Amino acid sequence: MGIKGLMPFLSDSAPSCVKETKMEAMTGRVIAIDASMCLYQFLVAVRQGASQSNLANEAGEVTSHIQGFLSRTVRLLECGIRPVYVFDGKPPELKRETLREREERKQEADGELAAAMESGDADAIKKASHRTVRATPQMNADVQELLRLLGVPVVLAPCEAEASCAALCKAGKVYATATEDMDALTFGTPKMLKNLFDTESSRTAQKRPVFELTLSRVLEQLDVSMATFIDFCILCGCDYCGTIRGIGPATAFKLLKLHGSLEAAVATIDANKLPPEEQWQISEARALFSSPPQVDPSQVDLKWTSPDVAGLKSFLIDRHSFNEGRVTKVVERLSACRAAGSQSRLESFFTAKAPKTLPASEKFNPFAKRAAGSPATKRAREIGGGSNTGKAKVQRKQLS
DNA sequence: ACTCTGACTCAAGACGAA
DNA sequence: TTGAGTCAGAGT
DNA sequence: TTCGTCC
């Protein structure tokens, strides 16, 4: 999902759009989150034992997603962040073929999983089970109920969650969209946060900083209109169109600058390199990005209320077999952060800086030669901040 | 010579006791 | 599955 | 930091 290769390209070609920050810097802010994506991630990641099964209640129903949403949401609230979870609605027609193929592959994986279980091959079980993950309507309902009990607002998007997040952000209802999916920018989110949940608790050897991306800076430094940016994303490869062999972000950008429009750029490409007709609906993809079905922000009333403690306990302990002591601790953490009150932001005491315009010399020139000694890949990596000289390197597995 | 792409590989959440 | 990191080789 | 546990 997302736009192929967009993040490295922006880090390198439009570095002024990327700001390094921390979750703590978001105190007091309203953040939109793609709930469907979180749900999927929790199902994939929250697993246990050799069989790599999900957590489950006494009735055998999966609870990994409940565990995941609970701890993540409490963490956000403790940080003074006011989350808004946005759920996917009906997928767009253009995605139907992709989704159908995905479902087919999952069914194949179901078979592989069964076979692996039979043979007891733990490694095969692990691999297959990660490919069979499906978010069910029941799971979506579970999470929505949990969030209501926590007093956190839920938004049901008519279509793609990212599109509605963007609408809320444009309308000023939320400060930013927190997502890993770069097409949030293509949908027009003025600000997006990447790696917001990539904390020290993650098992990955290196934790990455949170990146705050500003759409207006993307457009300014790339020196393109939003319409051209959308075309650029389509040419790079997005969820709604195929990709073209040999065309990555760098080439896509040059082609657009040279020829002016997506159609003109595409016309210069060898026709049999293009994806098949049904996967190359340029104008439909463009329409989906520029005016997707989305919530009407004026009809969305965001409220954060105190949790329904009794309801929460019943839901977690009675219904889903959570440990009573742990739930009590969660409730305490929740009341503690409500007692701390609505933390205000330090920045609000200062006058907002006038957005400085980027000097022409700073604008990205796709045709300029790169400075020797600082290859693109290297610089993109270094955006991540200080060098961790003392850190242990990734351990390499020995061949057996 | 220098980029850029694409193929390959690995891990995937959050928490807290030790 | 996806994304990120890495690298060899294609393409200019 | 690492590693087992959450349900």
Side-chain angles (χ1 to χ4, degrees), chain A residues 1-9 11-12 37-49 52-76 78 98-99 101-106 108-109 126-135 179-182 194-195 197-208 236-237 239 243-254 316-317 319-327 329-330 333 366-378 380-381 384 391-397:
Chain A
M1 288 179 87
I3 309 302
K4 217 173 134 231
L6 184 54
M7 186 60 196
F9 177 80
S11 302
D12 183 51
M37 178 140 296
C38 296
L39 174 47
Y40 182 80
Q41 283 174 345
F42 289 133
L43 291 174
V44 169
V46 184
R47 288 161 178 275
Q48 172 75 345
Q52 288 290 294
S53 56
N54 285 111
L55 305 181
N57 62 19
E58 275 170 23
E61 297 158 325
V62 170
T63 54
S64 290
H65 54 304
I66 300 173
Q67 172 75 35
F69 269 91
L70 180 64
S71 50
R72 177 174 289 184
T73 304
V74 170
R75 183 154 64 100
L76 289 169
E78 274 185 324
T98 314
L99 293 175
E101 284 170 14
R102 217 176 272 177
E103 179 56 27
E104 254 175 33
R105 264 176 272 134
K106 281 195 196 297
E108 285 168 26
K126 198 167 177 174
K127 267 188 217 157
S129 65
H130 281 196
R131 281 188 294 143
T132 57
V133 168
R134 288 181 189 80
T179 182
E180 302 312 304
D181 202 337
M182 292 300 290
K194 204 171 182 305
N195 307 338
F197 308 111
D198 203 286
T199 61
E200 63 284 343
S201 67
S202 166
R203 248 177 242 211
T204 45
Q206 61 213 345
K207 64 172 175 188
R208 291 160 301 179
C236 288
D239 286 355
T243 56
I244 306 169
R245 235 187 117 82
I247 309 253
T251 309
F253 197 82
K254 283 179 197 160
L316 292 174
I317 300 168
R319 179 77 225 285
H320 291 293
S321 316
F322 276 58
N323 177 282
E324 186 172 352
R326 286 180 213 275
V327 173
K329 273 190 196 134
V330 163
R333 284 169 68 191
F367 306 107
K369 282 226 166 185
R370 295 187 180 286
S374 66
T377 51
K378 195 170 191 171
R381 232 180 293 129
K391 295 283 177 192
K393 291 292 155 200
V394 178
Q395 291 180 341
R396 307 211 174 265
K397 278 185 189 165

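All figures in this text were calculated on a predicted structure; none of them were measured in a lab. The chains referred to below are lettered A, B, ... by the order of the sequence lines, with proteins before strands, and numbering in each begins at 1.
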Proximal nucleotide (of [options]) relative to the [X] side chain:
{"X": "Arg326(A)", "options": "dC4(B), dC7(D), dA12(B)", "answer": "dC7(D)"}
{"X": "Arg75(A)", "options": "dC15(B), dT5(D), dT2(C)", "answer": "dC15(B)"}
{"X": "Arg131(A)", "options": "dC6(D), dA14(B), dT1(C)", "answer": "dT1(C)"}
{"X": "Lys194(A)", "options": "dA4(C), dA14(B), dT1(C)", "answer": "dA4(C)"}
{"X": "Ala250(A)", "options": "dC7(D), dT5(B), dA14(B)", "answer": "dT5(B)"}
{"X": "Tyr40(A)", "options": "dC7(D), dT1(C), dC15(B)", "answer": "dT1(C)"}

Separation between CD1 of Ile66(A) and CD of Glu61(A), rounded to the nearest 0.5 Å: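 With rounding to 0.5 Å, CD1 (Ile66(A)) is 8.5 Å from CD (Glu61(A)).
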Polar side-chain contact His130(A)-dA12(B) base: donor and acceptor under 3.5 Å: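 Result: at least one qualifying N/O pair found.
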Rounding to a whole Å, what distance do you find between [X]:[atom1] and [N]:[atom2]?
{"X": "Lys106(A)", "N": "dT1(C)", "atom1": "NZ", "atom2": "C1'", "result": "6 Å"}
{"X": "Met7(A)", "N": "dT2(C)", "atom1": "CE", "atom2": "C1'", "result": "16 Å"}
{"X": "Asn57(A)", "N": "dC6(D)", "atom1": "CG", "atom2": "P", "result": "15 Å"}
{"X": "Gln67(A)", "N": "dG16(B)", "atom1": "CD", "atom2": "P", "result": "11 Å"}
{"X": "Asp12(A)", "N": "dC4(B)", "atom1": "CG", "atom2": "P", "result": "8 Å"}
{"X": "Phe253(A)", "N": "dC4(B)", "atom1": "CZ", "atom2": "C1'", "result": "16 Å"}
{"X": "Leu43(A)", "N": "dT2(C)", "atom1": "CG", "atom2": "P", "result": "16 Å"}
{"X": "Leu39(A)", "N": "dA12(B)", "atom1": "CG", "atom2": "P", "result": "19 Å"}

Flag if over 12 foreign heavy atoms under 6.0 Å of CZ, Arg134(A):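 Counting other residues, nucleotides and ligands, CZ of Arg134(A) exceeds 12 neighbours.
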Pairwise 5' ranking along DNA chain B for Val46(A) and Lys254(A), keeping only the more 5' one: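 Upstream on the strand: Lys254(A).
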First of Ala252(A) and Lys329(A) reached from the 5' end of DNA chain B, by closest nucleotide: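 Result of the comparison: Ala252(A).
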Listed partners of Arg47(A) passing side-chain hydrogen bond (donor to acceptor under 3.5 Å, both in side chains), at least two apart: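 Testing Arg47(A) for side-chain hydrogen bond (donor to acceptor under 3.5 Å, both in side chains), a comparison that skips the adjacent residues, returns Ser129(A).
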Which heavy atom in [X] sits nearest to a heavy atom in [Y], and how many Å separate them?
{"X": "Gly5(A)", "Y": "Pro249(A)", "value": "O-CG, 3.5 Å"}
{"X": "Asn54(A)", "Y": "Ser64(A)", "value": "ND2-OG, 3.0 Å"}
{"X": "Val44(A)", "Y": "Val133(A)", "value": "CG2-CG2, 3.9 Å"}
{"X": "Ala252(A)", "Y": "Cys236(A)", "value": "CB-SG, 4.2 Å"}

Pairing residues for Arg333(A) by the salt bridge (Lys or Arg N to Asp or Glu O under 4.0 Å) criterion, not counting sequence neighbours: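 Once residues adjacent in sequence are excluded, the partners of Arg333(A) under the salt bridge (Lys or Arg N to Asp or Glu O under 4.0 Å) criterion are Glu78(A).
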Taking [M] as the reference, what is the distance to [N] when you measure between their [atom1] atoms (whole Å, please)?
{"N": "dG4(D)", "M": "dT9(B)", "atom1": "P", "answer": "27 Å"}
{"N": "dT5(D)", "M": "dC10(B)", "atom1": "P", "answer": "26 Å"}
{"N": "dT2(C)", "M": "dG13(B)", "atom1": "C1'", "answer": "16 Å"}

Hey, does [X] reach any base, or is it just sugar-phosphate, or nothing, if we go heavy atoms under 4.0 Å?
{"X": "Glu180(A)", "value": "nothing"}
{"X": "Asn323(A)", "value": "sugar-phosphate"}
{"X": "Thr251(A)", "value": "sugar-phosphate"}
{"X": "His320(A)", "value": "sugar-phosphate"}
{"X": "Arg333(A)", "value": "sugar-phosphate"}

Nucleotide N/O of nucleotides 6-8 of chain B paired with protein N/O under 3.5 Å:
residue : atom : partner   : partner atom : Å
dG6(B)  : OP1  : Gly246(A) : N            : 2.4
dG6(B)  : OP2  : Lys4(A)   : NZ           : 3.0
dA7(B)  : OP1  : Arg245(A) : NH1          : 3.3

Short side-chain N/O contact from Arg72(A) to OP1 or OP2 of dG13(B), under 4.0 Å: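 For dG13(B), OP1/OP2 do not have a side-chain N/O of Arg72(A) under 4.0 Å.
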Mutual orientation of the aromatic rings belonging to Phe42(A) and Phe69(A) [parallel < 30°, tilted 30-60°, perpendicular > 60°]: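 The rings of Phe42(A) and Phe69(A) stand perpendicular, inter-plane angle above 60°.
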